[in-house]
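All remarks here apply to the structure that follows.
Proteins come first, then strands; the chains are lettered A, B, ... in the order of their sequence lines, and each starts at number 1.
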Amino acid sequence: MSELRENPVNEYLRLDRLPSIWCPGCGIGTTVNCFTRALTESKLDLDKVAIVSGIGCTGRVAGYMNLDSFHTTHGRAIPFATGLKLANPDLKVVVYSGDGDLSAIGGNHLVHAARRNADLLVVCVNNFTYGMTGGQVTPTTPISAVASTTPYGAYEETFNLPNLMDACGAVYVARWTAFHVRQIAKSMGEGLKKKGFRFIEIIAPCPTLYLRRNKLGDGLDEMKYYKEKSVVKNGADTREVGLDYHDKIVVGKFVDRERPTLEEAMDKRFTDVLGAKYVPYTSPGKQPLA
Amino acid sequence: MSIPEAAPTSKREVEQVETVTIRFVGDSGDGMQVIGSEFTKASALAGNDLSTFPDFPAEIRAPAGSLAGVSGYQVHLGGRTVYTPGDAPDVLVAMNPAALKTNIQDLRLGGMLIVNSGAFNEANLEKALYKKNPLEDDALKKNYRVVPVEMNTLTQHALEGSGLSSKEVARCKNYFALGMLYFLYGRPTEPQVQSIRAKFTKKPEFADANIKVFQAGHAFAETSELFVNTYRVPAAKLRPGLYRNVTGNQATALGLAAAAKLSGRQVFLGSYPITPATEILQESSYFKEMNVVTYQAEDEIAGIGSAIGASFGGAIGCTTTSGPGLALKSEMIGLAVILELPLVVVNVQRGGPSTGMPTKTEQADLLMALFGRHGEAPMPVLAAKSPGDCFYSAMEAVRIAIKWMTPVLLLTDGYLGFGSEPFRIPEEGELQPFAVKYQTTPNYEGGKFMPYLRDAKLIRPWAVPGTPGLEHRVGGLEKDSLSGMVSYDGMNHEKMVKTRAQKIANVVEDVPDLEVFGPAKGEVLLLSWGGTFGSVRASAEALHGKSVAHAHLRWLNPMPRNTGEVLRSYRKVLVPEVNNGQLALYVRAMFPGIDPLQHNRINGKALNISEIVAKVNELLG
Ligand SMILES: Cc1ncc(C[n+]2csc(CCOP(=O)(O)OP(=O)(O)O)c2C)c(N)n1
Ligand code: SF4
Ligand SMILES: [Mg+2]
């Protein structure tokens, strides 16, 4: 009999906090496995990676990772992360949160962080609903899908998140479904390496609320749907990747470009104007003691 | 205390009990909320007065079998008025070790423990951090009447050959427990069978399975000799009428809808989901034929913003939220105060600060409701006292907001919002309409319209944009006391601040005097507000015959005119609250010389009657 080996992702997880709060078949855990894989492959010093999340089922990711983490308030992960990064330029800062948290209450912060090109990797788990509060409609809930606050079906036009992020100036934009574990891990790896505002949307099942209410079966059925209905189109025009209810899902890496980050732009401006008088900010730990 | 052993006879005594408190506890996936509410419905049909409270984890699904994943439902039913879901349960139905561990300490000494012994396997015991099986512990049997039932196996037996998977079979066992209780409390089974059929119309195989299991539970209790007695709770003398069981949140939604009808104006509810307030928005989103419009905004600020916009447009703007959301709305409430437009803000309080304890109750937003704004921004604040009272409080909040052209803050809490009680549906004509009068003609010399020209009560007119000749500008800058045009004149500002404050003080004409339950003078006055009404009134009843009275504040701002006089009629005032003493602090400030004593519990639960009684007895010496 072969020796039992420890699960390779364990190193990254707070085992004392497990099992997790997530329902059976929930897609969030799958994305976390991908993230731990990306971390391993990135060979980053884990002491230099911090994870920030808002509130929601996805927001709980921060609590399970064996990294410095910050479980903030609903919708505001990006402002906290922006401050953390500016004050500690050596850190890799990852924002991990849900579609509602990032694009509804946090929508304003999302678009401005992309515009500024804040140096953050944002992972958005899009399950088309507010999971934590019991399944209300979100800005991504497809038209006609039932949610607890749209008992007669959703009717508002939705956000096409990759297109939104592209338009706001994100330097890296990708979308995958929870079925595409290898591709997610690869994208996350690229995202961890790159600088500037990187955005990865992951379509994931919420069997307990979204699937059940829309009679779409369980997590496994949803995976089958992802497998059958997703089309990989790297470099697709983001205007054409909007989602309709239970229809085709265009996935892939849509945007990968370079642009000065917020810090770089700031440093350049101050150096141009102030010259040697400008003292760039360094992480508090590196500051000489007065 | 000696606990009778099970009687070895099938001829059981039928014991009449005046009230009984039953708590169902199990894993989040065990269906405790379902059987709790089904048993509640049966009790309501039997004419009992009742009060319920569900207690569930903040997570949608905490790990199966874990301590954090325990979900419970408590119902207190009686042949007389029932004020609270009950302190200590008389009967505890526990479906697994974690549920036993987290609840057994609440069971009344000598109470009945019906426990699913089949779930006490090694894995579950470990998850509940039990070193050995507690059911084998003598102490348990000494303190409680323990009825171990192999519900897992019995459910499997009942469903042999049903073709269901073992997982599906396991999911039916809650109905086994329910069947037993139906027998114990003499509830007719037929309505329950119907109800299961209705619940699973689309999946008749599940209906059949659950009915079988329910009947098996009933038959088991009848034939097994584990139960000494059966029990009957007589019908309560409720006021005649048509009743339905409502949670506080449903009642709030219905109250707002009723206000739309009584005022003849549209209710516009602009909200953002947040536990424990979400249900009001969800419930209202069904009311498409009741002149209620719901709008789920992208955040709390947009929710209240849309509501204020709707009010400017002539609708009744409402917004519902909980602590963190109220904090976000506070800038906008300031705007509503300076605009003087009607607006109802419902805050269903939860454990704070920040994300705190979302599913647990607390009364810690009182001071924020009263004072938590920038600038001088007084507004009327009232609090509901029971789930059913949320209906009347919501209606009253709308009436006051419209009449006085002001934002009104209604406080409820998670205990009221999630809790339920039978609610008598008011009859046609029983509720007073409060027609809205918009300004339609100029109100000033020369055919002009002055939006801040007030009547004798200091109320300004409400003119809907688009009314010919009544164009007017409103906004957040300080405004001239007549025309409403922007004014930076310091003395005008002072005048406006004082005028707005006086207007809110005038609302007292709509605030009924404080009523006292018990002696008009004496030793101890219990003073409560909001959701603690039930516990405090039940305590006062328990202290009947002693020099103890109870007064309950529905209105926090303005307070009833006679409040000071009532407080001064007792040697001691005791304020029980689920916070660190906020009403007590407020009373000290408002009535110098009165220094209330405090009883504070901040554990996410309602106050215990026995604790309040003990505290009062201590004060009585
Ligand atoms: C200020 C504030 N408003 C509302 C809430 C309630 N709330 C908590 S999580 C959540 C929704 C989360 O949805 P999403 O971001 O999609 O995450 P998911 O649970 O679906 O992973 C809401 C509305 C809150 N905690 N704070
Ligand atoms: S409610 Fe939905 S999103 Fe939340 S843990 Fe369960 S399946 Fe996942
Ligand atoms: Mg979501």
Side-chain angles (χ1 to χ4, degrees), chain A residues 17-26 28 53-57 59-60 63 71-76 100-110 127 129-141 146-156 159 206-210 212 215 218, chain B residues 28-29 56-66 68-69 123 127 167 202-203 249 253 269-289 294-303 320-325 327-328 350 352-356 358-359 418:
Chain A
R17 299 283 319 266
L18 296 175
S20 74
I21 64 152
W22 298 308
C23 310
C26 175
I28 300 171
S53 72
I55 305 292
C57 295
R60 292 298 184 92
H71 188 210
T72 64
T73 58
H74 188 36
R76 319 293 169 192
D101 186 80
L102 286 165
S103 79
I105 186 166
N108 197 23
H109 309 308
L110 183 72
N127 52 16
T129 200
Y130 290 116
M132 184 110 248
T133 43
Q136 295 77 29
V137 70
T138 72
T140 60
T141 311
V146 172
S148 75
T149 43
T150 52
Y152 308 110
Y155 45 83
E156 291 179 7
F159 265 149
C206 165
T208 306
L209 301 162
Y210 182 75
R212 187 176 54 84
K215 307 199 168 51
D218 58 17
Chain B
S28 310
F56 43 80
E59 279 85 30
I60 295 288
R61 181 130 325 148
S66 69
K127 279 187 221 155
K167 220 163 137 192
K202 297 230 175 77
K203 292 198 174 142
N249 282 336
L269 180 61
S271 286
Y272 186 75
I274 184 165
T275 308
T278 310
E279 195 189 0
I280 305 173
L281 176 65
Q282 285 173 182
E283 195 67 19
S284 303
S285 67
Y286 285 91
F287 297 167
K288 297 299 173 210
E289 68 297 347
T294 55
Y295 172 66
Q296 186 191 312
E298 63 273 24
D299 67 13
E300 281 83 355
I301 303 171
T320 49
T321 193
S322 186
L328 284 169
R350 69 185 209 182
S354 195
T355 311
T359 57
F418 289 145

Whatever's closer than 4.5 Å to a heavy atom in chain A on B:Thr275 counts as both
Honestly, the part of B:Lys127 sitting under 4.5 Å from a heavy atom of chain A is neither
NZ of A:Lys215 to NZ of B:Lys202, rounded to nearest 0.5 Å, is 4.5 Å
CZ (A:Arg76) and CG (B:Leu328) are apart, to the nearest 0.5 Å, by 5.5 Å
Which of B:Ile274, B:Asp299, B:Ile301 passes side chain to side chain contact (heavy atoms under 4.5 Å, CB included) with A:Ile105? It is B:Asp299
Of all heavy-atom pairs linking B:Tyr272 and A:Gly100, the shortest is OH-O, 4.3 Å
So OG of B:Ser28 and CD1 of A:Ile21: to nearest 0.5 Å the spacing works out to 11.0 Å
Okay, A:His74 and chain B: the region with an atom under 4.5 Å from a heavy atom over there is side chain
Can a donor-acceptor pair be found, under 3.5 Å and without considering hydrogens, that links the side chain of B:Gln296 to the backbone of A:Gln136?
no
Is the number of heavy atoms from other residues, nucleotides or ligands under 6.0 Å of B:Lys288 NZ greater than 12?
yes
Within residues 276-285 of chain B, contacts to chain A at heavy-atom distances under 4.5 Å involve B:Thr278, B:Leu281, B:Gln282, B:Ser285
